[in-house]
Amino acid sequence: MVRKEEREAKLPPKSNFSEWYHELLKSAEIVDVRYPVKGMSVWYPFGFALRSHVYQIIKELLDVDHYETQFPLLIPETEFMKEAEHIKGFEDEVYWVTHGGRDPLDIKLALRPTSETAIYPMLRLWIRSHADLPLRIYQIVNTFRYETKHTRPLIRLREITSFKEAHTAHATWEEAAMQVEIAVQRYIEFYRRLAIPCLVSKRPSWDKFPGADYSIALDVIMPDGRTLQVGTAHLLGTNFAKTYEITYEDEHGEQRYVNQTCYGISERCIAALIAVHGDDKGLVLPWRVAPVQVVIVPIIFGEREPIIEVCRSIASTLAGRNIRVRLDDGDERPGAKFYKWEMRGVPVRIEIGPRDIKNNAVTIVRRDGVRKTLPMDERLVDAILAEAEELQSVLYNRAKEFMDSKIKLVSSLDEARSQVQSGVARVPWCGSVECGHALEDQVGANLLGEPRGDEIPPMRCLICGKESTGSTYMARQY
RNA sequence: GGGGUUGUAGGGUAGCCUGGUCCAUCCUACAGCGUUCGGGACGCUGUGACCUGAGUUCGAAUCUCAGCAACCCCA
């Protein structure tokens, strides 16, 4: 009896989020954390396939008006050290290459912690006239940061393996600001396709990107109520343009500085995907990004071949419609296969046994638990695609409901302190830097920033007591 | 940044103090064969390890030093 319970408790319950997360990364074969360098882990092939499908969405969203490109990993110290504020933000986290073979380098090379200082010297050469603007490029690369805090797979890494960073240049500050807005909308859409709702807020001035005028961030509320920053968009204005002398000649023949933006998403989006949708049985993946979208499990009684034959035929029909289908004809028992593919988040399972063949039907089970019998004929593929779509909205609605339940408008410091223990507090705030710092100190959580769009009724700032319609999200952050 | 604990097969443990008796052991691991198969099957036969490096020693999983890594606590 004990043995059976142990077997079923392979994954800790999701309510124990930290252990659940780590165990799931291994059991579902996302990343292997055993690589012997702190803060660096290995993508399993299954995890990498998931990564590829997710990043394909970002690419589609950006390729409309961005060009993909690739810049070098190494940045000469002389370029890296040009922008004072930017350096201050990153210098404690930079890995340096100091030698070539046995010879010390004359000029040290930084492993990019982000690529502004690699890209902008080149933009100076690329941009000559107003006809070159706007310029929008992005790259998906690894970046390195010598994190001193506790590292966490996919969340806080020393090598970020999948940093999608976009960089744009515009004629005016207003155009650049508009681009930031467009970027935020694209990111919201990206997460919507992953069935993940986000909080969007303007980061407080002391938490903006080093060298930016302002930063907009997207946060996801994790199962334990802490938030994960999963995307940022920064308005750089002319700060970097002045440092790197990126100018264009306008219609009147005058040289002007470009106005820039940059915005990024990392593999934290995979962490969010796992954390938001996963359950006690493992991953739950939206159809669009699932490495295996349909698994077929044959139920064999007596003769094997006739059943396998039907399975093969259905598999090839599905594959013919570009569905990522896997026929699991291994010799494990069906139950073991069910658990295995549920762990990997497969959205739709098809079971085919003698009973189904006799009824000319198949049994399907959706990853959210819905079980149906579908006719085994030419309508099958469309019926499955319809289930996939329904699963998508079930996932989004479930996630949205959870997120909303974790946010609460508070009217006292005590209430804020207690709310951030398990969720996000929306806190009345006059907007001043002093009151902001005081809030962080007294509540014991960080300011995410002003929620965009909707205002609260006038309330008193919890620190200075001034009446204001301003507010901020506060949360404990990953 | 400071302190502590730990590192044994795919995973979990014992052994370490007191060096040799060690072919250690369990499993949800792996391989082969057979019987099975509508929610984690069973039998049999096998496989596989002492974190890395240096030192002490006739002899090191065990002792010493260094490195790397993990976990915990404090700032």
Side-chain angles (χ1 to χ4, degrees), chain A residues 1-13 16-42 44-47 91-93 95 145-159 279-284 294-312 314 327-346 348-374 376 440-441 444:
Chain A
M1 285 300 116
V2 174
R3 181 173 293 179
K4 191 175 180 204
E5 279 165 24
E6 274 172 15
R7 199 172 280 165
E8 285 169 359
K10 186 162 191 176
L11 199 60
N16 184 352
F17 175 65
S18 190
E19 276 185 41
W20 173 88
Y21 178 71
H22 280 267
E23 188 57 43
L24 181 53
L25 290 178
K26 183 168 56 165
S27 297
E29 297 190 350
I30 305 295
V31 290
D32 193 333
V33 300
R34 293 172 298 181
Y35 189 76
V37 178
K38 184 180 170 68
M40 301 187 187
S41 45
V42 179
Y44 283 108
F46 184 84
E91 66 183 346
D92 291 339
E93 304 188 346
Y95 281 95
R145 295 179 189 179
Y146 186 73
E147 292 286 351
T148 49
K149 286 188 199 152
H150 201 261
T151 58
R152 259 174 228 280
L154 302 184
I155 291 176
R156 186 176 298 282
L157 298 159
R158 287 190 172 176
E159 181 188 11
D279 63 19
D280 286 353
K281 288 179 173 175
L283 285 183
V284 177
V294 175
V295 64
I296 300 176
V297 178
I299 311 295
I300 295 161
F301 283 102
E303 243 199 302
R304 177 187 156 85
E305 247 342 278
I307 292 169
I308 294 289
E309 203 41 58
V310 174
C311 291
R312 279 207 195 102
I314 289 178
L327 169 58
D328 188 350
D329 57 359
D331 56 11
E332 284 167 305
R333 292 164 66 108
K337 292 177 184 174
F338 298 164
Y339 281 101
K340 181 173 81 187
W341 293 109
E342 278 164 354
M343 182 66 77
R344 285 167 176 68
V346 177
V348 175
R349 174 175 82 233
I350 300 179
E351 302 170 19
I352 299 172
R355 197 166 68 207
D356 300 293
I357 290 174
K358 199 177 78 193
N359 299 336
N360 199 39
V362 298
T363 304
I364 70 140
V365 179
R366 239 163 52 187
R367 184 57 180 82
D368 61 341
V370 173
R371 173 183 284 268
K372 290 185 182 172
T373 303
L374 299 179
M376 191 171 5
E440 292 194 329
D441 270 2

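Values reported hereafter were calculated over all heavy atoms of this structure, with side chains retained and with hydrogens, waters and symmetry mates removed. Naming convention: chains lettered A, B, ... in sequence-line order (proteins, then strands); numbering from 1 in each chain.
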Review point. Can you tell if the side chain of A/Thr148 reaches within under 4.5 Å of the side chain of A/Asp92, non-hydrogen atoms only?
Key: no
Practice item. Kindly indicate whether the side chain of A/Thr148 and the base of B/G1 share any N or O donor-acceptor pair separated by less than 3.5 Å? Key: no
Check your understanding: Taking the same atom, P, in B/G3 and in B/A61, what whole-Å distance lies between them?
Key -> 31 Å
Practice item. Please round to the nearest 0.5 Å and tell me the distance separating atom CG of A/Leu11 and atom CE of A/Met343. Key: 4.5 Å
Review point. On a whole-Å scale, what distance lies between the P atoms belonging to B/C30 and B/G10?
Key: 12 Å
Could you list the donor-acceptor pairs under 3.5 angstrom formed between side-chain atoms of residues 302-311 of chain A and any protein atom two or more places apart in sequence or on another chain?
unit_1   : atom_1 : unit_2   : atom_2 : d
A/Glu309 : OE1    : A/Arg312 : NH1    : 3.3

Point to revise | Sugar-phosphate only, base, or nothing, as touched by A/Glu23 at under 4.0 Å among non-hydrogen atoms | key: nothing
Check your understanding: Counting only non-hydrogen atoms, which of residues 351-358 of chain A are less than 4.0 Å from RNA chain B?
Key -> A/Glu351, A/Gly353, A/Pro354, A/Arg355, A/Asp356
Study note, to complete from the structure: Contacts of A/Asp32 meeting salt bridge (Lys or Arg N to Asp or Glu O under 4.0 Å) (sequence neighbours excluded), chain-then-number -> A/Arg34
Review point. How far does the P atom of B/G19 sit from the matching atom of B/U28, given to the nearest Å?
Key: 37 Å
Practice item. Between protein and nucleotides 65-75 of chain B, map the contacts as a letter string: B base, S sugar-phosphate only, - none, heavy atoms under 4.0 Å, written 5' to 3'. Key: ---SSSSS---
**Study point:** Closest to side chain of A/Ile299, choosing from B/C37, B/U36, B/G1
**Key:** B/C37
Please report, to 0.1 Å, the donor-acceptor pairs under 3.5 Å made by any side chain of residues 363-373 of chain A, with sequence neighbours excluded.
unit_1   : atom_1 : unit_2   : atom_2 : d
A/Thr363 : OG1    : A/Asp356 : OD1    : 2.9
A/Arg366 : NE     : A/Asp368 : OD1    : 3.0
A/Arg366 : NH1    : A/Glu387 : OE1    : 2.8
A/Arg366 : NH1    : A/Glu390 : OE2    : 3.4
A/Arg366 : NH2    : A/Asp368 : OD2    : 2.7
A/Arg367 : NE     : A/Leu283 : O      : 3.0
A/Arg367 : NE     : A/Glu342 : O      : 3.0
A/Arg367 : NH1    : A/Asp279 : OD2    : 2.9
A/Arg367 : NH2    : A/Asp279 : OD1    : 2.9
A/Arg367 : NH2    : A/Leu283 : O      : 3.0
A/Arg367 : NH2    : A/Glu342 : O      : 3.2
A/Lys372 : NZ     : A/Glu387 : OE1    : 3.4
A/Lys372 : NZ     : A/Glu387 : OE2    : 2.7

Exercise for review: Let me know the distance between CD1 of A/Ile307 and P of B/G38, rounded to the nearest Å.
Suggested key: 12 Å
Revision key, fill the gap. note: A/Asp331, atom CG; B/C30, atom C1'; distance rounded to Å ~ 14 Å
Point to revise | Non-neighbouring partners of A/Glu23 that pass side-chain hydrogen bond (donor to acceptor under 3.5 Å, both in side chains), sequence neighbours left out | key: A/Ser27
Check your understanding: With sequence neighbours left out, what residues match A/Lys340 under side-chain hydrogen bond (donor to acceptor under 3.5 Å, both in side chains)?
Key -> A/Asp328, A/Glu332
Practice item. Between protein and nucleotides 45-51 of chain B, map the contacts as a letter string: B base, S sugar-phosphate only, - none, heavy atoms under 4.0 Å, written 5' to 3'. Key: -------
Practice item. Return the stems involving RNA chain B, sorted by first number, where pairs are Watson-Crick (N1-N3 with N6-O4 or O6-N4) or G-U wobble (N1-O2 and O6-N3), both under 3.5 Å, and runs are 3 or more long. Key: B:1-7 with B:68-74, B:10-13 with B:24-27, B:29-35 with B:41-47, B:51-55 with B:63-67
**Study point:** Length of the line joining A/Arg349:CZ and B/G38:P, which is rounded to integer Å
**Key:** 12 Å
Study note, to complete from the structure: By salt bridge (Lys or Arg N to Asp or Glu O under 4.0 Å), A/Glu159 pairs with (sequence neighbours left out) none
Check your understanding: Between A/Arg333 and B/C37, does any side-chain N or O lie under 4.0 Å from OP1 or OP2?
Key -> no
Practice item. Provide the distance between the two P atoms, one in B/A9 and one in B/G67, to the nearest whole Å. Key: 24 Å
Practice item. With rounding to the nearest 0.5 Å, note down the distance linking CZ in A/Arg344 to CD in A/Glu29. Key: 4.5 Å
**Study point:** Euclidean distance for P, B/A24 against B/G48 (whole angstrom)
**Key:** 11 Å
Point to revise | Interatomic distance, A/Glu303 CD vs B/U36 P [rounded to whole Å] | key: 13 Å
Review point. For A/Ile300 and B/U35, what is the distance between atoms CD1 and P respectively, to the nearest whole Å?
Key: 14 Å
Exercise for review: State which residue, out of A/Ile300, A/Leu327, A/Val362, A/Ile299, fulfils the side-chain contact (heavy atoms from CB on, under 4.5 Å) condition with A/Ile352.
Suggested key: A/Val362
Check your understanding: Side chain of A/Glu342, base of B/G40: donor and acceptor closer than 3.5 Å?
Key -> no
Point to revise | Gap between atom CZ of A/Phe46 and atom CD1 of A/Ile30 - 0.5 Å precision | key: 6.0 Å
Review point. Got a second to check how far A/Tyr21's OH is from A/Lys26's NZ, nearest 0.5 Å?
Key: 14.5 Å
Exercise for review: Let me have a per-nucleotide readout for nucleotides 2-11 of chain B, 5' to 3', with B, S or -, counting only protein heavy atoms under 4.0 Å.
Suggested key: --------SS
Check your understanding: What pairs with A/Tyr146 under ring-ring contact (aromatic ring centres under 6.0 Å, His included), at least two apart in sequence or on another chain?
Key -> A/Tyr95
Review point. Does the aromatic ring of A/Phe338 sit over the six-membered base ring of B/G39, closer than 5.5 Å centre to centre and tilted less than 30°?
Key: no
Point to revise | Span that lies between the P atom of B/C73 and that of B/G11, in whole angstrom | key: 24 Å
Check your understanding: Can you tell me how far C1' of B/G38 sits from CG of A/Asp328, to the nearest Å?
Key -> 15 Å
Review point. Between B/C22 and B/A49, how far is it from one C1' atom to the other, in whole Å?
Key: 13 Å
